[in-house]
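Note sheet for the following structure.
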Amino acid sequence: MSEDMKVVEDLTQSEYKWGFVTDIDADEAPKGLNEDIIRFISAKKNEPEWMTEWRLKAYRHWLKMVEPSWHNVKYPKVNFQDIKYYSAPKRKPQLESLDEVDPELLKTFEKLGIPLEEQKRLAGVAVDAVFDSVSVATTFKETLAEKGIIFCSISEAIRNHPDLVKKYLGSVVPYTDNFYAALNSAVFSDGSFVYIPNGVRCPMELSTYFRINAMDTGQFERTLIIAEDNSYVSYLEGCTAPMRDENQLHAAVVELVALDNAEIKYSTVQNWYPGDKNGKGGIYNFVTKRGACRGKSSKISWTQVETGSAITWKYPSCILQGDNSVGEFYSVAVTNNFQQADTGTKMVHIGKNTRSTIVSKGISAGRSNNSYRGLVKVLKGADGARNFSQCDSMLMGDKCGAHTFPYIEVDNDSAMVEHEATTSKVGEDQIFYLNQRGISTEDAVNLIVNGFCKEVFNELPMEFAVEAQKLLAISLEGSVG
Amino acid sequence: MAINKEFESAKNWYINNYKEFSAGLNGLSKSFFTPLRENAIKDLGKLGFPTTKNEEWRYTNISPLLKNNFIPAAASREISLHFEDIKNKLFTGFEHHLLVFINGIFSEELSSVSNIPSGVIVDSFGKLLRNNPEVIEKYIDNFNNVQTAFDALNTAYTTDGLVVIVPDGKVIDKPVQALYLNGDDENNVLISPRNLVIVGKNSHASVVTVYEPGAEQKYFTNITTNIFVDENGNLDLYKIQNESEDSYHIEKVDAVQNKQSVFSHYNILFGGGLVRNDINTAMNDEFIETNYYGLYLGNNKQHIDNHTFVDHAMPNCVSNELYKGILDDKAHGVFNGKIMVRKDAQKTNAYQSNKTVLLSKEATIDTKPQLEIFADDVKCSHGATIGHLDDEAYFYIRSRGIPAELAKSILIRAFANDVVEKIKIDGLKEQINHLIFEHLHRIEI
Amino acid sequence: MIKIKDLKAEIEGKQILNGLNLEVNPGEVHAIMGPNGSGKSTLANVLAGNEGYEVTGGNVTFFGKDLLEMAPEDRAREGLFLAFQYPIEIPGVSNSTFLKTAINEIRKYKGEPEITAKEFLQLMREKSEILGMTDSLINRSVNTGFSGGEKKRNEIFQLLMMNPKLALLDETDSGLDIDALKIVSKGVNEFRSNDNAVIVVTHYQRLLNYIVPDFVHVLYKGRIIKSGTKELALELEEKGYDWVTNGELQETAV
């Protein structure tokens with residue numbers, strides 16, 4: 001066995017560090033799904049009638065749909081009647097400050113390495129923590145409110161800003177969009193809501209931390225971000241989940257709306273429990289993320305570092321409607337052991353002179369499978385559309401797979417579309433060269449993999465970039481990388 | 001569900017026609033091939049014609065094809081053509097053996113095969129099936145690979161085609177040219193050529209297949225080509241498809257390669273209303289080289305779909321693929337290139353490139369270059385670009401006094417050149433350059 | 001030969017030429033100098049008919065005909081040649097095919113017979129010798145894989161082959177070492193005659209040591225702000241562009 005292979009093996013044998021269960025009594029819905037459960041969820045959250053109706057419509061539509069099977073992942077069928085669709089920490093989260101948060105919860109966050117208070121003081125990151133299904137506490141609300149920025153849980157937004165929610169919820173991802181989006185629309189528990197008013201540049205990074213805690217709970221969060229004309233916001237999303245033998249379902253929906261000259265930067269570090277090294281347990285991460293560049297010269301940029309989940313199935317997309325709008329997708333997806341990832345993006349060019357960039361780095365190790373699946377579509381009216389895609393894969397070991405499925409559909413002769421893809425491995429000569437310069441094999445592998453992902457890490461906000469690099473090392477320490 | 005009904009009824013048409021067709025097989029009916037036909041008809045029943053819901057047919061809707069009830073061309077027919085009638089359809093400028101097929105049926109009178117080395121077979125599939133079936137029965141495994149409805153359709157209805165068998169250590173001195181003249185003056189016919197090219201150990205062959213329209217009526221050419229290149233063998237297979245724009249043209253090429261062999265496929269597409277090629281190569285051993293070169297020129301409402309597949313199952317093999325397209329008017333191009341690198345295929349080198357130029361607002365392209373990789377020590381890359389002719393180069397050429405249309409054709413020639421220059425037969429290369437301009441209704445320089 | 005009156009042009013909505021006037025007669029060599037961004041390359045491209053530039057005012061006559069109305073190829077056929085600042089690479093088209101086509105198109109336009117293969121070869125040999133070009137360079141694809149200097153030399157080779165009435169040299173000296181500069185200048189001087197004219201667009205005076213101009217114009221903010229003889233170029237070299245542009249600023253400030 002070559003030296004770097006050994007490192008891969010060593011790294012892969014490390015355990016998931018964030019598998020612990022917080023002991024808080026949950027206020028739960030019984031297992032299963034029917035109209036009563038949906039009414040229960042809606043009632044629990046004190047939702048207005050129109051919201052309950054919307055959920056029910058989505059549910060009725062979902063009943064008519066079938067689970068998709070076109071992706072390159074394999075998993076046992078999910079029993080949707082065997083899941084609890086609502087689980088809230090017992091203490092109601094109408095909290096004014098962090099002091100009122102259940103100390104147990106705060107400890108959990110500390111274990112996760114995101115102490116809220118620390119962040120509040122030092123990092124200047126406003127955090128909306130979604131613990132299981134209910135938004136627990138939102139920090140920095142006041143600072144933001146001064147600028148007219150709304151940053152709260154979606155439940156709160158439904159109650160306090162119904163006009164905005166009615167106008168935009170489901171406008172980017174309608175409940176008819178796909179199987180999991182319909183399910184989410186019916187049962188979504190909580191999530192974040194962000195509204196940036198005209199001309200405002202959000203002064204800090206907004207952040208949400210998701211965590212799946214209770215057994216058998218599917219987490220269905222729903223995020224909606226609206227950036228009015230000439231505004232800017234950078235949003236960070238982090239996810240972890242405790243270790244469990246069973247597979248847990250996570251089916252989120254994220255909708256972004258950027259109006260004239262607005263810019264939304266959405267960064268994700270996803271570290272859900274990937275299952276153990278024999279492929280047992282782990283999260284099914286079936287997510288619909290989509291941004292609409294509605295306004296002219298608007299910009300939406302997705303950056304993701306995906307290291308967790310047993311199965312990932314997500315395609316953060318941009319609908320480039322406004323003339324001169326820009327869509328970007330930067331992704332690092334790491335799979336190890338028995339993980340499967342089918343991820344990529346869709347760039348739909350509708351407006352004139354719209355531009356998109358796709359940079360995807362897939363790293364496969366162990367017995368995992370990692371697929372890039374992307375669509376670049378240029379519609380008839382999208383004169384002068386430009387796309388550049390770069391999809392690189394790195395394989396570690398000979399039991400894993402790397403796959404590329406780029407779809408390119410061009411209906412306009414003035415468009416320029418370029419797609420490139422390469423596959424490589426960590427070269428023994430590279431390792432040797434670094435060894436010769438005094439660097440250990442393990443560090444060498446890390447260096448090389450980090451170099452491979454650099455273009456994507458560069459897009460992450462500083463504090464996330466550091467975390468992402470560590471995660472990569474752990475995950476590929478979970479695998480290599 | 002209207003679509004499915006249409007697809008069902010087309011399927012039934014071809015299943016129901018089989019009885020009458022097989023009754024007319026006469027001398028052919030007793031051969032080893034007949035049970036394969038019967039199985040194929042059963043397969044057709046099971047498989048059904050693919051709709052756009054089938055991922056492999058996502059961008060190609062065959063319902064216009066299925067709307068026609070094509071009549072399977074009979075196993076034999078009077079042919080009243082003379083060599084003078086077909087002369088202008090041939091590629092000349094290089095010496096060749098010639099086989100001519102009218103509606104898929106071999107014409108001895110129009111063909112000329114002479115002085116071939118002993119042991120080498122350059123002949124008609126139908127003739128061999130009648131007289132020396134054992135010659136081709138050896139390769140029965142190559143026929144037993146029905147995977148799609150069109151494959152099944154060909155197997156059921158084929159009566160003839162090109163057979164080239166080069167035994168170990170032989171070289172055919174000059175290329176074999178097979179001209180398929182398709183179409184009937186009275187009926188809308190289904191033409192089902194079955195080609196078999198076998199290149200033995202250390203042998204070499206060069207084959208040029210040419211598909212041309214021969215009559216006014218609509219027709220459907222549905223070809224299956226089986227290829228086997230043994231150890232150290234070398235095969236160049238050229239296809240020049242220039243069928244009428246009222247016609248439908250589907251071909252499936254299945255190639256199997258053994259150790260250290262080289263197979264190069266050149267796919268030059270001018271004609272056809274709805275065109276679909278599936279080109280598949282399975283690498284059976286190490287140190288194999290596979291080359292795919294394609295050039296597709298579409299105008300009017302042509303629909304041209306190329307699906308290619310290279311299956312790297314073994315280590316140390318190389319594949320190169322370059323497909324280029326020029327689409328004008330309302331032409332629609334589809335490219336789907338799949339490279340599979342299996343677990344054991346370490347040290348694979350696989351390159352794939354698809355480039356398309358759109359010349360008109362209405363032209364469209366859907367491309368999907370696809371990599372599936374299960375081995376880590378490999379070099380694989382693919383690229384796809386879609387664009388228009390370079391504005392700066394266009395201006396530069398015009399600034400030297402060259403008119404706009406001619407400047408455009410110079411750029412088109414330059415674009416196509418990467419593929420055309422790969423053609424190893426000089427006489428053929430020149431004529432193809434010529435045809436590029438003829439097809440695009442542009443001026444020759 | 002060419003009369004440029006009050007020419008105004010813009011690129012991507014940005015006004016570059018602001019009413020430029022210039023007249024060039026047969027036998028003359030004019031140098032147009034100016035700092036970066038003054039509009040030198042725009043002038044060259046507008047005259048050659050590059051569609052990326054939009055003419056927004058003024059007129060240009062070439063031998064009495066309205067130049068701005070003509071397609072780029074017709075301008076070339078009428079005898080206008082632009083040596084590009086950045087010659088374009090055209091992979092897959094050989095230099096010789098390209099030139100032969102161009103020459104024949106121009107001949108066809110003039111009602112002259114096509115050049116024979118023999119004549120063409122002779123012409124190639126004769127002109128390539130002047131520039132010391134090798135056969136391999138001639139047989140390669142147009143400008144493809146050429147170094148910067150080889151590209152410039154190839155532009156002058158085309159100039160000699162096509163023998164136009166008016167040669168526009170757009171920064172032909174940029175990126176050339178002294179030896180290449182001498183060769184290129186030699187080619188241009190070979191071309192010069194009493195029947196044709198040359199407009200040399202350049203940033204530096206250096207080239208004008210080898211291609212000696214009859215007139216020197218200073219272009220600034222899209223207009224010619226000073227004209228003179230070859231001594232003006234030397235003065236510019238010595239005192240820098242500020243020397244004239246400051247004056248211009250004062251003038252416009254009034």
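Letters go in sequence order (proteins before strands), and every chain restarts at 1.
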Item to check | chain A contacts, top residue of B:V378, B:T367, B:V341, B:T356 (heavy-atom pairs, under 4.5 Å) | outcome: B:T367
Item to check | Option that, when pairs with chain A are counted at under 4.5 Å, heavy atom only, ranks first among B:G383, B:S353, B:C380, B:A375 | outcome: B:C380
Checklist entry - Among A:N387, A:L395, A:V410, which has the most heavy-atom pairs under 4.5 Å with chain B? => result A:V410
Item to check | Separation of A:C400 SG from B:I373 CD1 (nearest 0.5 Å) | outcome: 10.5 Å
Next on the checklist: Does any backbone or side-chain atom of B:A384 lie under 4.5 Å from a heavy atom of chain A? Answer side chain, backbone, both or neither.
Outcome noted: both
Item to check | Contact class of B:Y351 relative to chain A, heavy atoms under 4.5 angstrom | outcome: neither
Item to check | A:F405 side chain reached by B:E55 side chain, heavy atoms, under 4.5 Å | outcome: no
Next on the checklist: Less than 4.5 Å apart, side chain to side chain, heavy atoms only: is that true for A:V417 and B:T385?
Outcome noted: no
Checklist entry - So do the side chains of A:K380 and B:E362 get within less than 4.5 Å of each other, counting heavy atoms only? => result yes
Checklist entry - Can you tell if the side chain of B:F335 reaches within under 4.5 Å of the side chain of A:I408, non-hydrogen atoms only? => result no
Checklist entry - What distance separates A:S414 OG from B:L358 CG, expressed to the nearest 0.5 Å? => result 9.5 Å
Checklist entry - To the nearest 0.5 Å, what is the distance between NZ (B:K379) and OG1 (A:T422)? => result 12.0 Å
Checklist entry - So with a 6.0 Å cut-off around NZ of B:K355, is the heavy-atom count from everything else above 12? => result no
Checklist entry - Using non-hydrogen atoms only, which part of A:D383 is less than 4.5 Å away from chain B: side chain, backbone, both, or neither? => result side chain
Checklist outcome for this item: Smallest heavy-atom separation, B:D377 atom then A:K425 atom, equals OD1-CE, 3.4 Å
Checklist entry - Is the shortest side-chain N to carboxylate O distance from A:D413 to B:K361 below 4.0 Å? => result yes
Next on the checklist: As a quick check of understanding, evaluate side chain to side chain contact (heavy atoms under 4.5 Å, CB included) for A:M416 and B:H388, giving each step before the final call.
Outcome noted: CA-CA 7 Å; A:M416 297 274 264; B:H388 40 87; 3.9 Å; yes
Next on the checklist: Counting neighbours of NZ on B:K324 that are heavy atoms of other residues, nucleotides or ligands and sit closer than 6.0 Å, is the number greater than 12?
Outcome noted: yes
Item to check | Atom of A:P406, atom of B:P369 and distance for their closest heavy-atom approach | outcome: CD-O, 2.6 Å
Checklist entry - Side chains of B:E372 and A:S371: closer than 4.5 Å at any heavy-atom pair? => result no
Checklist entry - For the atom pair OG1 (B:T364) and CG (A:L379), what is the distance rounded to the nearest 0.5 Å? => result 11.5 Å
Next on the checklist: Between the side chains of B:D366 and A:K377, is the shortest nitrogen-to-carboxylate-oxygen separation below 4.0 Å, so that they form an ion pair?
Outcome noted: no
Checklist entry - For A:A421, is it the side chain, the backbone, both or neither that has a heavy atom under 4.5 Å from a heavy atom of chain B? => result both
Next on the checklist: Could you walk me through whether A:H403 and B:F374 satisfy the side chain to side chain contact (heavy atoms under 4.5 Å, CB included) test, starting with their C-alpha distance in whole Å, then the side-chain angles of each, then the deciding distance to 0.1 Å, before giving a yes or no?
Outcome noted: CA-CA 8 Å; A:H403 316 276; B:F374 295 93; 3.0 Å; yes
Next on the checklist: With a 4.5 Å cut-off on side-chain heavy atoms, are A:E409 and B:R58 touching?
Outcome noted: yes
Checklist entry - Taking the side chain as C-beta and beyond, is there a heavy-atom pair between A:D398 and B:Q346 under 4.5 Å? => result yes
Checklist entry - Are B:S381 and A:E420 close enough that some pair of their side-chain heavy atoms sits under 4.5 Å apart? => result no
Item to check | Residue B:S360 versus chain A: region with a heavy atom under 4.5 Å | outcome: backbone
Checklist entry - Crowded around A:R386 CZ? As in, over 12 foreign heavy atoms under 6.0 Å? => result yes
Next on the checklist: Quick check on A:N370 against chain B: is it the side chain, the backbone, both or neither that has a heavy atom closer than 4.5 Å?
Outcome noted: neither
